[in-house]
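See below for the structure under consideration.
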Amino acid sequence: MKESNCGWRSALVVGRGWWIGGLALLIGLFPLRADEYLFGFVRSAETLPQGRNELYQFMTLRTGKVEGTYYGADFETEIEHGFTDRLQADLALENHYFYNHGVNGPRDSLNDTDAYRFGGVEAAAKYRVLSPFKDTVGLTLRLESGYLLNDEVDGLRQHEFYLAPELILQKNFRDDTLIWDLDLGPEWAWGKRPAELYPRELALNGATGVSYRIAPNWFLGVESHVRAEYPLFDFNNFEHVVMYAGPALHYSARRWWATLTWNYQVYGQGIGEPRDGQTFAEETRQLVRLIIGFNF
């Protein structure tokens, strides 16, 4: 009887060891990180755990005008901190590089440029009301503000201050292997001159995406984002609307992750531009964005 008990205990220890080892293997194969970007232009509803930090590097290439050669590169470095499991805040620095040559048509006339420009400083806070992993749907409120010294179209001088509240929804399906995100919110901006003809504008922003885990650590999805601008906060004073869409690929490791996305301008309309389904006064034909994040 004693030998039987000893064998049973040995089997229990071995079984427990296999269970722990298997769990560790699953965690390594399917790491779950709060506030990872599965998309390039769509945010998630999750927040960092209390006391944790994350460092992001955004690199965005904007290219494609009606004529000439245009490359606008944006570099944003961002640090985030989780103050509680529900509340996080971040601070970011933005810089630009412009190479424009021969972009001098009637709808997107720009000066020839080959220069770096300091973009500005941005800050945001994010509060999670409902978790997409624990509740039926994730719900998060986000508020972003910033001061931008040079515009992102041609690096022209401005003194812009903006305020952008945002509502973020997230729904997870199939044991968190299929994820849908939706972001909606307005943006008020002041100090647009002299880069713009008007001193202030209202923008309406929306973004959505669906991503599926195609292999351990890998997500593949599709995303879209839209923006409409109204100078002087006047809905009767329409300037332009644009919609981009394209695929997004995400990889996650234990301490870092990366997301690569390509978006094409699928629709656009701008005041004073031909009605050909695209707008180029402030927009480009395509966007490529790489995001790298480090957890610590």
Side-chain angles (χ1 to χ4, degrees), residues 39-43 60-74 96 98-113 119 148 150-158 160 162 164 166-167 181-210 221-248 261-289:
F39 311 97
F41 299 91
V42 188
R43 296 184 178 90
T60 307
L61 176 65
R62 297 172 285 111
T63 183
K65 293 284 190 179
V66 176
E67 66 283 302
T69 301
Y70 176 88
Y71 295 104
D74 308 321
H96 308 290
F98 301 96
Y99 179 80
N100 311 328
H101 182 73
V103 185
N104 52 14
R107 63 193 292 177
D108 53 6
S109 181
L110 300 174
N111 297 324
D112 286 356
T113 306
L148 305 179
N150 295 290
D151 84 326
E152 64 177 15
V153 178
D154 200 24
L156 299 178
R157 182 56 56 92
Q158 62 180 10
E160 178 183 337
Y162 72 91
E166 189 174 36
L167 176 71
D181 286 311
L182 174 67
D183 307 344
L184 297 170
E187 178 185 306
W188 291 273
W190 298 263
K192 302 289 291 184
R193 287 176 176 167
E196 302 274 4
L197 297 176
Y198 44 84
R200 61 189 184 276
E201 74 175 10
L202 168 66
L204 301 179
N205 299 305
T208 189
V210 177
V222 62
E223 65 175 307
S224 177
H225 65 281
V226 61
R227 179 180 175 91
E229 295 186 0
Y230 301 88
L232 304 176
F233 303 163
D234 184 359
F235 285 113
N236 295 317
N237 193 12
F238 169 78
E239 185 192 71
H240 81 275
V241 62
V242 65
M243 175 182 287
Y244 293 93
T261 186
W262 171 75
N263 274 201
Y264 184 80
Q265 186 184 150
V266 296
Y267 174 75
Q269 179 184 340
I271 190 71
E273 296 187 66
R275 290 183 171 269
D276 56 5
Q278 290 192 312
T279 178
F280 293 101
E282 296 185 13
E283 306 294 340
T284 57
R285 183 168 281 112
Q286 56 188 338
L287 309 169
V288 179
R289 173 171 284 182

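As a basis for the values below, the full set of heavy atoms in this structure was taken, side chains included, without hydrogen atoms, waters or symmetry mates. All residue numbers in this chain count up from 1 along the given sequence. These numbers come from a predicted model, not from an experiment.
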Give the minimum heavy-atom separation between P194 and Q158, together with the two atoms involved.
-> CD-CA, 4.1 Å
Any idea which heavy atoms bring G40 and E223 closest together, and the distance?
-> N-OE2, 2.9 Å
Is there a side-chain contact between P247 and W262 (heavy atoms, below 4.5 Å)?
-> yes
Nearest heavy-atom contact between V42 and A207 is CG2-CB, 3.8 Å
With rounding to the nearest 0.5 Å, note down the distance linking CG in D151 to CD in E196.
-> 6.5 Å
Do N263 side-chain atoms and S224 backbone N/O form a donor-acceptor pair below 3.5 Å?
-> no
Determine, stepwise, if the pair F233 / Y198 fulfils side-chain contact (heavy atoms from CB on, under 4.5 Å).
-> CA-CA 10 Å; F233 303 163; Y198 44 84; over 6 Å; no
Side-chain contact test, heavy atoms from C-beta onward, threshold under 4.5 Å: evaluate it for T279 versus V241 and give yes or no.
-> no
Taking atom CG of L156 and atom CG of L110, what is their separation to the nearest 0.5 Å?
-> 8.0 Å
Reported OG1-to-CG distance for the pair T208 and L184, which is rounded to 0.5 angstrom | 8.5 Å
Of E283, Q269, E273, the residue whose pairing with H240 passes side chain to side chain donor-acceptor pair (under 3.5 Å) = E283
Could you note down all residue pairs passing salt bridge (charged side-chain N to carboxylate O under 4.0 Å, His left out) where residues 198-207 supplies at least one of them, sequence neighbours left out?
-> K192-E201, E201-R227
Derivation of the side-chain contact (heavy atoms from CB on, under 4.5 Å) call for D276 and R107 | CA-CA 12 Å; D276 56 5; R107 63 193 292 177; 2.9 Å; yes
Would you check if the side chain of E67 reaches a backbone N or O of G105 as a donor-acceptor pair within less than 3.5 Å?
-> yes
Atom pair CD/CG of E229 and N205 - distance to nearest 0.5 Å = 8.5 Å
Is D183 reaching over with its side chain to a backbone N or O of R43, donor-acceptor style, under 3.5 angstrom?
-> yes
Exercise: identify the closest heavy-atom pair between L204 and P186 = CD2-CB, 4.1 Å
Which of parallel (below 30°), tilted (30 to 60°) and perpendicular (above 60°) describes F41 and H225?
-> parallel
Spacing of Y244 atom OH and T284 atom OG1 [to the nearest 0.5 Å] = 4.0 Å
Where do V103 and D108 come nearest, in terms of heavy atoms and distance?
-> CG1-O, 3.1 Å
Check for a donor-acceptor pair, side chain of R285 on one end and backbone N or O of K65 on the other, with a separation under 3.5 Å.
-> yes
Heavy-atom donor-acceptor pair, Q265 side chain to V242 backbone, under 3.5 Å = no
Indicate yes or no: at least one non-hydrogen side-chain atom of T261 is less than 4.5 angstrom from one of F39.
-> no
Partner set under salt bridge (Lys or Arg N to Asp or Glu O under 4.0 Å) for D74, not counting sequence neighbours = R62
T113 side-chain N/O to Y99 backbone N/O, donor-acceptor pair under 3.5 Å | no
Enclosure of Y230 OH (heavy-atom neighbours >12, cutoff 6.0 Å) | yes
Residues V266 and A245: closest non-hydrogen pair is CG1-CB, 4.1 Å
Here the gap from N150 atom CG to F98 atom CZ, rounded to the nearest 0.5 Å, amounts to 7.5 Å
